[in-house]
Undergrad: 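Sharing a structure with you now.
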Amino acid sequence: MVLTRVIPLWIAIVSGVAILVSAFIRPMESWGENFTDTFNVIAAIASVLGAGSLLKANLAKVSRRDAGWGFALVVLGTFLITLVVGLGKIGVHPSHDFPQADFGGKQESADTPFGWIYEFAMVPLTSTMFALLAFYVASAAFRAFRAKNLEASLLLGTAFVILLGRTFAGVVLTGWLPEWASGLRLENLSVYVMQVFNTAGNRAIIIGIALGVAATSLRILLGVDRSCPAGGER
Amino acid sequence: MDRAPHRLRSPWLWAAILAGCVIGWGRGQRAHADAGVAAAPAATESILNEHRLPLAAWIVGIGAATMIFVWRARRGKPPTIRRIAALEAVDEAIGRATEMGRPVLFIPGIQDMDNIQTVAGVTMLGRVAKTAAEYDATVEAPVCRSLVMEAAREAVQASCLAAGRADAYQPDRIHYVTDEQFGYVAHVGGKMMREKPAACFYMGCFFAESLIFSENGNSIGAIQIAGTAESSQLPFFVAACDYTLIGEEFFAASAYLSGEPDQLGTLQAQDSGKVAVMMFMVIGAAVATAGVLLPSATWLGELGVLLRKAMGG
Amino acid sequence: MNRQRLTWIVIGVVFAALLVVRGMTGQGLGRVYVQREDVSYARIETRDANGATTLSWKRVAEADAADVRWQEWSTAPPKAWFAAQAKDPGQTAITLSWPRTIGLWLAAFFTLAIFSFLWADNVLYKLAEATVVGVSAAYWMVIGFWDTLVPKLFAALVPAVVQAHVQPSLKPVDDMQWWSMALALVLGGMMLWRLAPRGGWIGAWPLAFIVGVTAGLKIVSHVESDLMAQGLATMESVVAVVPGTGGATDMGASVWGTLANLLVVVGVLSALTYFLFSVEHKGLVGGTARVGVWYLMITFGAAFGFTVMGRIALLAARFEFLFDDWLWLIDPNHLRT
Amino acid sequence: MSLRDRLQSLDRRWIFLLMAIAVAGPILWSGLTGSTPPEQPTDAARRVLQVIDDLPEGSRVLFAFDYDPASAGELQPMATSLMRQCAARKLRIVCIALWPLGGNLAQETIANVIRADFPSLREGVDFVNLGFQAGNEGVMKVVLTDFTKAFPKDARGQAAADLPILAGVRTVRDFPLLVNVSAGYPGSKEWVQYVVSASEGSVKMIAGCTGVQTPQMYPYYPGQLAGLLGAIKGAAEYENLLNGVMGGEPAPKYLEAQRRMAPQLFGHLLLVGLIVVGNLIQFMGRRGARA
């Protein structure tokens, strides 16, 4: 009870308050910056746990001969090959700056097995996944952008103005407007929308989020939120 | 709950003591410097960063408001909070998943535990898991950071215990996939198509994957509830999900769902912060406008400078 | 045979036939050429007055004089190979790279496999999904090891090892960094304790530390650079005075500017009203909140419009990869002609 | 089944197919014919051209490369054209990067533009690449007080203080223009917040951003930001203007953004069409229900 609930709560409170106070004390101002490194190192060490979870899940699938266990085998194979090749810096030539260091070389170029895997497997796979978005945007535009009410109409009307104003189509459609009405040309209209409505909306969202973050942080630092991952009452 | 032992464990008291110690230590350092032991040029500067005093005042102000409202709530004056439709729908979504015998999918964003949105997302996962344990629904939570996996397991285990269903906790349902954004998206997208969860929750920090998830969720007919503070992704969630928690609402979600008076009190504190900012903006803009219209009134200019200083200007 | 499988087989056969046709015509397709570079370094030891030796390296042209040598390959445009072959068919300066050519075809296969998900979940997509999960999980662990653990943790705690094997130019760290790395090691060790059969609860401690520090850091950064800065930005005069020609005020622009400023202030206040939690959205508050929602919706519409541009550019980049790098159908960068 | 019902229950794969055609078609067309869609530059692009044009010859420009290869598709054409105009105007270009891979991109851009087309410019005198520095906005705060402390060496390892191009440079205020091509954090927003605001008007800034970032930058334009190029569209407008000013037949690398606008144009038109059709269905449905 004490070990699993009370101490974590106190660790969170003490460390959080200390870092909060350090922001105002000159000799301690760098604490926050140092935390980034500390956190990254903890996260890198903890990746052992992630690897364990990944291996366990896929080994279980293979040993139970679950549906699609062959794909679990592919996960395991590609994971282990990439890990061994990358950690061992296999096939990496020495660094130009200090050729004597046996692990000094970089493995970015497609010369090296790790670089090859990155360039010919990871990049095409992840960037194509990213590119799928263009298709989903299209299907969302057709299905979800309906003028059901005033609010939805405003959203889609603005999207319309921006989409048209950002291609040559906008110039064709409204370029004929005379100089005195040039403010109504789509490309200018999109600038006004951005400068006035978008500025106001974004500002309110940002202020709201700042307050939300402050309240969430305070709930942790004051020990009010007992369900947050920092322990506390259960 | 018995309150007596709480008083001794009151974190605020301890926080105040700690702050005192830190400031005391800082002063000691300064005395050290003054004595010439460490004759750094910074010795002439104050140990406290005065430029940040307005910031300190804002944080102390919001903190004090939080304490006051929590205290009031504990004294039996629970605040009234407006209805948030997206949160009213949480129970309904989990209930539907139970009826259909399909899992609930929960994505706590794609960032690590050093992002406060992830912390809020994992807290929400705890809430959802508790309801799911009560309804006997299963919650699947693939994650893309090892630390988030550990935190999520902690939160879900605690929720299952709190719901009196320790047996409902199955750590393997919360599993790590990969740190890579689109590797994770590929996995979750495929999983959605194959397992067809009945309810999908997206609560945390999201980037481009927001639309891939919500469009896939839509095509399998799941109820989708999203919450994020990433303003560039909000339009996609608003368009493609059934309910969306916008920015600040997302941070209020866990307190709202808890229904505990303490936590609802913190929402009131959030509101008082908002009202304070709004007042500063109105008065500040009015004073600045009056200053432009009446350039001869120098006191308006001075007042304006003072107000801007309070905002860190 | 069901209809879907038949569809897939027909698509596959037609596609393969088209590929064969493409391979037989013109310059062919999908090959990568490389240029070899021999790298040789000679070791130079210099002794200073105190007798201490310093080691440096010099790039040398002749392989015989070198202490360390290796080869590097860089991609050459196909037109360079065409030109070299035309001049001397037996040349070896620019050659076909089998590993990279196979890689290119693999990349094309993966691209198509992911696209096939748009049709339906299928075996190709599952294969691509399994590969990307395995490869990328390991990729980030390797990056975490070589780019975080080695230069931060090991460099602070075991600098001699890092200097000897990875980075001889490593500088000693200061006390603060040493302590933060020692703390990271202890907390990381506590996290890993989860793998032990007993006492896994200790893993909650580093998590609590991370959550606490994150809360402390974020409250400062958000209140300072978001709440206060955005509030400050709104505390400007609503009346805009735009100077026109000849010292006079440009009335038209000033009126427009004033209107714009007023709309911004109204928008910020009404949208913030929407976020109020402890007041029911009825009456005046409800009306104001509704105006706030209009502003939010316009903001979202604008974000949508702008985001779409980037998404189409990404898809275009994948198609360019297929048409240009792989199929050699188009040549916008004049790599082959 | 009526047309409305059929459209209402349209399989989304048809929409996917339309999108594929709308993007792939123009790429093939523009790749095979070498032509690009027409471009009509807007005021924002003109202003960028003007800001650079207004600087006297020999002025220093700080060029920050805050992006990585993942967003190079959207941003590289901007960086290329911006550097081309600076070089053509004989401004002295100092490249820096706050993103780890930005230093390499600066090097590539220098090779592609300056070394290829302006061979008379000398490294260290007319241009220099000071490479990447870690520390995000921390670096920005340092350049405000001591520029060479933040960037002590150039990419070749020479001390920045000894470089002729930096002679007399104390702080970032000694650069009349800051050009920033940015894909996120740290980027344009931070440069405005920490450097432009603090320089009290002595540093003008031009930003080139991705589409996702642009809405967040508009609040600063045209106040603290002297020029803003948003996404590939902004790049294409500016590229078009610059090609007009420079004259002659532009090399393929100077048409990259305009070429990429071909799929954009059709993609956008398709989206607009889809929204219209979707709403027509909705409208027809409502009328049907009322009848």
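Protein chains get the first letters and strands the later ones, always in sequence-line order, with residue 1 at the start of each. All heavy atoms count here, side chains included; hydrogens, waters and symmetry mates do not.
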Undergrad: Can you tell me which of B:Leu53, B:Asp114, B:Ile116, B:Asp271 forms the most heavy-atom pairs within a distance under 4.5 Å of chain A?
TA: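 Of the candidates given, the most pairs with chain A belong to B:Asp114.
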Undergrad: Would A:Ile207 and B:Met281 satisfy side chain to side chain contact (heavy atoms under 4.5 Å, CB included), going step by step from the backbone distance to the final call?
TA: CA-CA 12 Å; A:Ile207 292 175; B:Met281 288 194 292; 4.2 Å; yes
Undergrad: Atom CD of B:Glu248 and atom OG1 of A:Thr216: how far apart are they, to the nearest 0.5 Å?
TA: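 So the CD of B:Glu248 and the OG1 of A:Thr216 are separated by 9.0 Å.
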Undergrad: To the nearest 0.5 Å, what is the distance between OG on B:Ser231 and CD1 on A:Ile209?
TA: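 CD1 of A:Ile209 is found 6.0 Å from OG of B:Ser231.
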Undergrad: Could you tell me which non-hydrogen atom of B:Ser146 sits nearest to which non-hydrogen atom of A:Ala46, and how far apart they are?
TA: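 So the two residues come closest at CB-O, 3.2 Å.
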Undergrad: Mind checking which of residues 70-89 of chain A sit less than 4.5 Å from chain B, heavy atom to heavy atom?
TA: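 Listed by number, there are no contacting residues, so the answer is none.
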Undergrad: What do the steps show when you test B:Ile59 against A:Leu20 for side chain to side chain contact (heavy atoms under 4.5 Å, CB included), and what is the final call?
TA: CA-CA 10 Å; B:Ile59 292 176; A:Leu20 172 60; 4.0 Å; yes
Undergrad: Sort B:Glu150 into side chain, backbone, both or neither according to what part of it lies under 4.5 angstrom from a heavy atom of chain A.
TA: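 Side chain only.
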Undergrad: Roughly how far, to the nearest 0.5 Å, is the OH atom of B:Tyr176 from the OG atom of A:Ser47?
TA: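 Between A:Ser47 OG and B:Tyr176 OH, I get 7.0 Å after rounding to 0.5 Å.
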Undergrad: Starting from the C-alpha separation in whole Å, work towards a yes-or-no answer on side chain to side chain contact (heavy atoms under 4.5 Å, CB included) for B:Arg153 and A:Ser53.
TA: CA-CA 12 Å; B:Arg153 286 181 176 176; A:Ser53 161; 4.0 Å; yes
Undergrad: Just checking heavy atoms, which of residues 130-146 of chain A are less than 4.5 Å from chain B?
TA: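 Within residues 130-146 of chain A, near chain B: A:Phe130, A:Leu133, A:Tyr136, A:Val137, A:Ser139, A:Ala140, A:Arg143, A:Ala144, A:Phe145.
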Undergrad: Counting a contact as any heavy-atom pair under 4.5 Å apart, which residues of residues 56-65 of chain A contact chain B?
TA: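 Interface residues of residues 56-65 of chain A: A:Lys56.
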Undergrad: Which atoms of A:Ile206 come close to chain B, meaning under 4.5 Å heavy atom to heavy atom: side chain ones, backbone ones, both, or neither?
TA: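 Looking at A:Ile206, nothing touches chain B.
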Undergrad: Heavy atom to heavy atom, less than 4.5 Å: which residues from residues 117-126 of chain A reach chain B?
TA: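 The stretch touches chain B at A:Met122, A:Thr126.
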Undergrad: Please look at B:Val185 and chain A and tell me whether the side chain, the backbone, both or neither of the residue comes under 4.5 angstrom of a heavy atom of that chain.
TA: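 Both parts, backbone and side chain.
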Undergrad: Could you give the distance from CD1 (B:Ile62) to CG (A:Leu211), rounded to the nearest 0.5 Å?
TA: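 Those atoms lie 5.5 Å apart.
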Undergrad: Please confirm whether the backbone N or O of A:Ala23 pairs with a side-chain atom of B:Arg52, one donor and one acceptor, at under 3.5 Å?
TA: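 Side chain of B:Arg52 to backbone of A:Ala23, a donor-acceptor pair under 3.5 Å: yes, one is there.
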Undergrad: Side chain, backbone, both or neither: which part of B:Asn218 has a non-hydrogen atom closer than 4.5 Å to chain A?
TA: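 For B:Asn218, the side chain is the part near chain A, not the backbone.
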Undergrad: Under 4.5 Å, counting heavy-atom pairs only, tell me which of B:Leu125, B:Asn216, B:Leu234, B:Val143 racks up the most with chain A.
TA: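 Of the candidates given, the most pairs with chain A belong to B:Asn216.
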Undergrad: Could you look at B:Glu180 and say if it's the side chain, the backbone, both or neither that has a heavy atom under 4.5 Å from chain A?
TA: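 The side chain, not the backbone.
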Undergrad: Given side chain to side chain contact (heavy atoms under 4.5 Å, CB included), test A:Leu49 with B:Leu147 step by step and report yes or no.
TA: CA-CA 8 Å; A:Leu49 296 171; B:Leu147 284 172; over 6 Å; no
Undergrad: Can you tell me how far the CD1 atom of A:Ile220 sits from the OG1 atom of B:Thr123, to the nearest 0.5 Å?
TA: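 If I round to the nearest 0.5 Å, the distance is 6.5 Å.
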Undergrad: How long is the straight-line distance from CD1 of B:Ile47 back to CZ of A:Arg26, given to the nearest 0.5 Å?
TA: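 Between atom CZ of A:Arg26 and atom CD1 of B:Ile47 there are 8.5 Å.
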